[in-house]
Amino acid sequence: MSLYSICCGNFHQLWNSIGHSCRIRFLKSHSRIISETVLQNRRHKTGPFSTSILARSTRKGSKQSFSNNRHLHGESVESSIEVFKQSDLQHLKSLQCYNIEEKVSGVKPECPATILVFDIETTGFSRRGDRIIEFAVRDLAGGKNSTFQTLINPERVIPNTHIHGISTNMVCRSDIPRFGEFIPILLQYVLSRQMAGKPVLWVAHNGKTFDVPFLICEFQRCKMEMPGDWLFVDTLPIARQLVDGKTKGAATLKTLTERYKIPVNGDAHRAMQDVTALCYVLQKLTLELKITVPQLLENSFRVSDVATTPAKK
DNA sequence: GGCCCTCTTTAGGGCCTT
């Protein structure tokens, strides 16, 4: 099971929706309209395919590696034509072979997890002294209500408006939820997206040392616990398998969007814009490094794996 | 501030996030 097979139709939508990102201030979901092109393509597709390939990290000294097995579906490849370069498609098609088991059963394998790409905006870099002021997430499965974003009231002056454009007056209002009020809404949203008996896989860029510890500290400050079936993946070490990690700026989200020629519109450093960009980057990274969803799960980390210090009282 | 790399490990510096 690859991200390709999960997201092709959704990424097709993403591609078409760039420039039409959510501008919702508080808890309004963003619906997806299924493309007629994708639907038409799917009507003419053959059964599912899968293949096994050898994939190794080429970055010297990299400690993170992903083993093999990728699964592709004919419909995924075909419906992604408008999203990917012809060279990418040729690469994918060259990997295809019949999976007898799937062909006989005719059952399309389900994704082993709900994959949620997310990003936060904060009042600064310190998870102890700063606060989250915006949260955005996109479910790679797509469909209705697949995106969700909200501003969050930090109950303090925002010193870095020049970074994200979010001012104190925008969030320090009675109609903007505090993080403690936001948590149950987030939990309810995630539950609405979660498949029974399967984990939730959160994806963020530099999430291991920034987004996830920030979230954990906010949960702790509100005396709440994260669900035990939440797993996390950081795209930064994955990207560093492809680029020179010692070169300044080589693995930033901005550089990666430029590397893959991903058009980025809208306000810079806003959470949903970065989420949309990261969705594309994730797809491209996993394609280039031949990383499957099971491999992402195998290399994910849990809350207990993140070193955090208590939030300041 | 954690992670990673190296001119390292008895340390120091750069990257990445807002």
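Below, chain A is the first sequence line, B the second, and so on; all start at residue 1.
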Check every strand shown and say whether A:L253 touches a base, only sugar-phosphate, or nothing at a heavy-atom separation below 4.0 Å.
-> sugar-phosphate

Where the side chain of [X] is defined as all heavy atoms beyond and including C-beta, which of [options] is the nearest nucleotide?
X: A:L236; options: B:dC16, B:dG2, B:dT18; result: B:dC16
X: A:T252; options: B:dG2, B:dT17, B:dT18; result: B:dT17
X: A:R128; options: B:dT18, B:dT17, B:dG1; result: B:dG1
X: A:N160; options: B:dC3, B:dC16, B:dT18; result: B:dT18

Can you tell me how far [atom2] of [N] sits from [atom1] of [X], to the nearest Å?
X: A:R156; N: B:dT18; atom1: CZ; atom2: P; answer: 18 Å
X: A:D274; N: B:dC16; atom1: CG; atom2: P; answer: 15 Å
X: A:N206; N: B:dC3; atom1: CG; atom2: C1'; answer: 9 Å
X: A:L215; N: B:dT17; atom1: CG; atom2: P; answer: 16 Å
X: A:F214; N: B:dG2; atom1: CZ; atom2: P; answer: 13 Å
X: A:I238; N: B:dC4; atom1: CD1; atom2: P; answer: 12 Å
X: A:I152; N: B:dT18; atom1: CD1; atom2: C1'; answer: 14 Å
X: A:F125; N: B:dC3; atom1: CZ; atom2: C1'; answer: 16 Å

Taking only the [atom1] atom of each, what is the distance from [N] to [M] in whole angstrom?
N: B:dT18; M: B:dA11; atom1: C1'; answer: 29 Å
N: B:dC7; M: B:dG1; atom1: C1'; answer: 24 Å
N: B:dC5; M: B:dT9; atom1: C1'; answer: 12 Å
N: B:dT17; M: B:dG12; atom1: P; answer: 27 Å
N: B:dC15; M: B:dT10; atom1: C1'; answer: 25 Å

Using a cut-off of 6.0 Å, state whether more than 12 heavy atoms not belonging to A:R302 lie near its atom CZ.
-> no

Test log, rule salt bridge (charged side-chain N to carboxylate O under 4.0 Å, His left out), inputs A:K284 and A:E288 | CA-CA 6 Å; A:K284 288 289 191 177; A:E288 193 166 354; over 6 Å; no

Please state whether the rings of A:F135 and A:F182 are parallel, tilted or perpendicular, taking 30° and 60° as the class boundaries.
->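 The arrangement is tilted - the two ring planes meet at 30° to 60°.
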
Please work out which of the three classes, parallel, tilted or perpendicular, describes the rings of A:W202 and A:F232, given edges at 30° and 60°.
-> parallel

Ignoring backbone atoms, test whether A:H205 places a side-chain nitrogen or oxygen under 4.0 Å from the OP1 or OP2 oxygen of B:dT17.
-> yes

A:L282 vs A:L285 side-chain heavy atoms within contact, under 4.5 Å |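 In short, these two side chains do not touch, never coming nearer than 4.5 Å.
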
Measure from the side-chain N and O atoms of A:E181 to the backbone N and O of A:R178, and report whether any donor-acceptor pair falls under 3.5 Å.
-> yes

If you find the nucleotide of DNA chain B closest to A:G124 and the one closest to A:K208, which residue's nucleotide is nearer the 5' end?
-> A:K208

Comparing A:K254 and A:S126 on DNA chain B - which has the more 5′ nearest nucleotide =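 On the 5' side of the pair lies A:S126.
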
For A:F210 and B:dC16, are the ring centres under 5.5 Å apart with planes inclined under 30°?
->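 A:F210 ring does not meet the centre or angle cut-off for B:dC16; no stack.
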
